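Working notes, beginning with the structure itself.
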Amino acid sequence: MIRNLLVANRGEIACRVFRTCRESGIRTVAVYSDADANALHARVADTAVRLPGAAPADTYLDAGLIVKAAVASGADAVHPGYGFLSENADFARAVLDAGLVWIGPPPEAIEAMASKTRAKELMGLAPLGEVTEADLPVLVKAAAGGGGRGMRIVRRLEDLSAALESARSEAASAFGDGEVFVEPYVENGRHVEVQILADTHGTVWALGTRDCSLQRRHQKVIEESPAPGLSEQLTHELHTLAVRAARAVDYVGAGTVEFLVAGDEAHFLEMNTRLQVEHPVTEAVFGIDLVAEQIRVAEGHALADAPPRARGHAVEARLYAEDPARDWAPQTGTLHRFAVPDGVRLDTGFTDGDDIGVHYDPMLAKLVAHAPTRAEAVRKLAGALERATLHGPVTNRDLLVRSLRHEEFTSARMDTGFYDRHLTELAFCGTGDPYDPLAAALADAHGRSRFGGWRNVPSRPQTKRYEAAGEEIEVHYRHTRAGLEADGVRVVHADAALVVLEVDGVRRNFEVARYDDEIHVNTTRLTALPRFPDPTAQHAPGSLLAPMPGTVVRVADGLTEGTAVEAGQPLLWLEAMKMEHKITAPATGTLSALHVVPGQQVTVGSLLAVVQET
């Protein structure tokens with residue numbers, strides 16, 4: 001029996017495994033990097049072991065360090081979570097060689113399936129060799145790991161070399177393995193997967209299907225179970241292929257077999273030899289705890305002959321600290337307040353007051369809704385997201401709500417090209433309620449005295465300026481003998497936390513929270529702007545500023561001051577939150593200044609380079 005379990009991971013998945021362990025009476029051990037010293041997963045575990053350093057390669061990807069931590073803490077089992085070393089056969093062997101229980105498949109199964117190239121060979125498939133014009137479009141893909149890292153779509157042959165180099169760099173940083181391969185890219189297919197669970201007694205369960213078609217940068221955003229609209233025949237075929245893949249490698253534990261579905265045809269993509277981020281939707285539909293089942297299987301218990309009966313529908317949304325309107329740029333800062341309504345499941349690695357840093361994935365949480373029908377589950381999840389209290393950096397919350405309510409999604413006609421088609425309308429939807437900035441100004445003005453005493457003449461309007469979704473907004477109000485007044489709006493009540501306005505006879509409540517210059521009004525995030533612009537904050541035309549904090553990982557070959565550049569030409573690459581972000585020339589001209597070198601850390605707004613337009 002397992003009594004003390006170490007999770008070789010961080011954040012949300014570590015907290016989720018710890019929750020099951022507490023319910024099962026198992027003590028828990030966390031590992032944490034210096035960047036995660038105050039992270040929630042390190043605080044909620046019974047024991048926590050420091051991994052010196054911040055970079056993944058020095059901490060969560062150091063197998064020897066983690067095994068040493070497990071032994072030192074008295075753990076008798078290791079759960080890898082997902083990402084990092086979860087699909088690393090050498091790590092699994094190191095855990096077993098240390099006399100610990102490995103909560104995962106045998107190392108041989110990981111070796112056979114963790115490399116996507118070997119997995120395809122096992123399933124009778126092969127990646128592309130020499131790519132020709134006729135093969136386009138193609139997908140460059142990391143052989144190890146997942147989560148959309150190390151993946152690039154290539155539509156022109158001249159872009160292939162750069163895509164291979166970029167994918168290798170990103171894969172090596174995220175997984176410690178820079179191997180990549182090329183496969184055909186199926187346009188507008190659906191990403192469908194099958195959850196499997198196998199024991200050491202020969203039983204393999206196929207736990208329904210999941211649709212994960214809504215993706216950004218090849219990383220899933222919204223997932224659901226069961227996958228809607230599949231025929232019984234196709235569902236049976238997917239289950240059969242998934243079970244066959246598991247039996248082919250004598251699989252044990254939880255895993256996922258992924259497919260690209262086009263029409264009624266299923267194309268094998270890969271097998272993930274670990275728990276998936278989206279496993280909660282399967283848990284909700286089948287009424288089981290997959291982590292608890294993983295532990296029971298590792299202890300040698302047998303599964304029942306057949307899985308539980310599926311009930312209802314479940315939908316999951318991944319909440320990211322990122323700005324979809326700015327090429328999904330990750331965001332950092334303090335998460336001041338985070339709460340969701342009752343009735344939905346929340347898996348997160350953050351709580352009020354936690355800092356969101358630059359070193360790891362920007363996912364804040366997963367919200368999961370379960371209901372008797374798909375329409376009810378989708379409505380429930382959209383409503384919960386919309387009403388969630390989320391004070392801190394910019395997130396993809398509004399995008400998620402609009403995606404869930406988009407006609408193409410509600411009618412289950414989505415595919416992997418959903419955001420390619422609809423990102424503009426979903427991410428660029430204005431600045432929220434037009435009265436939010438006024439409410440912020442009135443809350444700020446609460447309690448302030450009028451200039452001087454009573455006057456016969458009306459006071460001049462007060463002015464406040466805010467930034468919301470990249471737009472500047474100016475609002476006006478007055479102090480009068482009767483209180484605060486705004487043109488065209490009746491101010492029913494105003495204090496620092498609540499403003500009540502009457503607009504065209506309808507009362508509306510605005511909850512306001514302020515954290516220095518960051519203001520949240522209901523679900524709108526505003527930034528208070530100074531009354532007069534700062535003249536020192538101006539930059540020369542053509543200045544390239546860092547859109548996020550991160551590390552300069554590469555500068556284009558031969559790029560020096562005085563180099564001629566073309567509009568859109570990649571100049572340098574930033575790495576933040578485990579993803580690479582390309583910085584391109586804003587116009588055709590000459591690179592007149594280059595202020596960074598590879599390995600340099602930069603903050604938001606740092607001047608990277610200047611391109612003087614021709």
Side-chain angles (χ1 to χ4, degrees), residues 80-92 102-127 139 141-151 171 175 177 179-181 183-184 186 189-200 202-212 215 218-220 223 225 227 234-261 265-279 281-282 290 293-294 297 307:
Y82 41 68
F84 293 130
L85 295 169
S86 61
E87 293 178 284
N88 187 302
D90 290 337
F91 177 54
W102 168 247
I103 312 292
E108 296 75 20
I110 297 176
E111 248 167 5
M113 285 295 190
S115 168
K116 297 173 179 63
T117 51
R118 290 190 288 275
K120 285 182 175 294
E121 292 169 1
L122 190 66
M123 297 294 285
L125 305 170
L139 183 65
K141 203 170 183 180
R149 287 175 283 277
M151 296 177 69
F175 315 120
D177 184 346
E179 181 188 352
V180 298
F181 66 96
E183 67 181 10
V186 179
R190 287 177 60 188
H191 190 123
V192 177
E193 60 191 30
V194 176
Q195 173 73 58
I196 60 167
L197 188 66
D199 63 18
T200 56
T203 301
V204 181
W205 286 355
L207 291 164
T209 57
R210 295 190 292 246
D211 189 295
C212 310
Q215 303 177 5
H218 312 291
Q219 191 164 24
K220 302 158 191 173
E223 304 106 340
S225 180
L234 181 55
T235 300
H236 176 72
E237 180 186 349
L238 293 172
H239 286 179
T240 301
L241 288 170
V243 171
R244 190 177 85 190
R247 293 196 184 281
V249 293
D250 295 324
Y251 198 81
V252 174
T256 301
V257 184
E258 303 198 352
F259 302 90
L260 197 61
V261 172
E265 292 187 7
H267 305 267
F268 171 78
L269 286 176
E270 60 186 313
M271 180 177 182
N272 289 304
T273 53
R274 55 174 168 82
L275 204 62
Q276 293 279 91
V277 179
E278 58 272 20
H279 74 272
V281 293
T282 297
L290 283 171
E293 295 297 333
Q294 284 184 297
V297 165

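The structure presented is a predicted model; accordingly, all values stated were derived computationally and were not measured.
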More than 12 foreign heavy atoms under 6.0 Å from CD of Glu108: is that the case here? yes
So, are Arg210 and Glu223 salt-bridged, with charged N and O less than 4.0 Å apart? no
With the side chain counted from C-beta on, respond yes when [X] and [Y] share a heavy-atom pair under 4.5 Å apart, and no when they do not.
{"X": "Ile196", "Y": "Met271", "answer": "yes"}
{"X": "Leu269", "Y": "Glu183", "answer": "yes"}
{"X": "Tyr82", "Y": "Thr256", "answer": "no"}
{"X": "Ile110", "Y": "Pro105", "answer": "yes"}
{"X": "Val257", "Y": "Leu241", "answer": "no"}
{"X": "Phe259", "Y": "Leu238", "answer": "yes"}
{"X": "Lys141", "Y": "His218", "answer": "no"}

Are the side chain of [X] and the backbone of [Y] linked by a donor-acceptor contact shorter than 3.5 Å?
{"X": "Glu193", "Y": "Asp211", "answer": "no"}
{"X": "His239", "Y": "His236", "answer": "no"}
{"X": "Asn88", "Y": "Asp90", "answer": "yes"}
{"X": "Glu87", "Y": "Thr273", "answer": "yes"}
{"X": "Ser225", "Y": "Thr209", "answer": "yes"}

Correct closest heavy-atom pair for Val249 and Ala112 would be CG1-CB, 3.5 Å
Of all heavy-atom pairs between Met113 and Ala245, which one has the smallest distance, and what is that distance? CE-O, 3.8 Å
How long is the gap from [atom1] on [X] to [atom2] on [Y], to the nearest 0.5 Å?
{"X": "Gln195", "Y": "Leu275", "atom1": "CD", "atom2": "CG", "value": "6.5 Å"}
{"X": "Arg274", "Y": "Ser86", "atom1": "CZ", "atom2": "OG", "value": "5.0 Å"}
{"X": "Leu139", "Y": "Phe181", "atom1": "CG", "atom2": "CZ", "value": "7.5 Å"}
{"X": "His191", "Y": "Lys220", "atom1": "NE2", "atom2": "NZ", "value": "4.0 Å"}

Does Leu207 form a side chain to side chain contact (heavy atoms under 4.5 Å, CB included) with Leu290? I'd like the steps, not just the answer. CA-CA 11 Å; Leu207 291 164; Leu290 283 171; 3.9 Å; yes
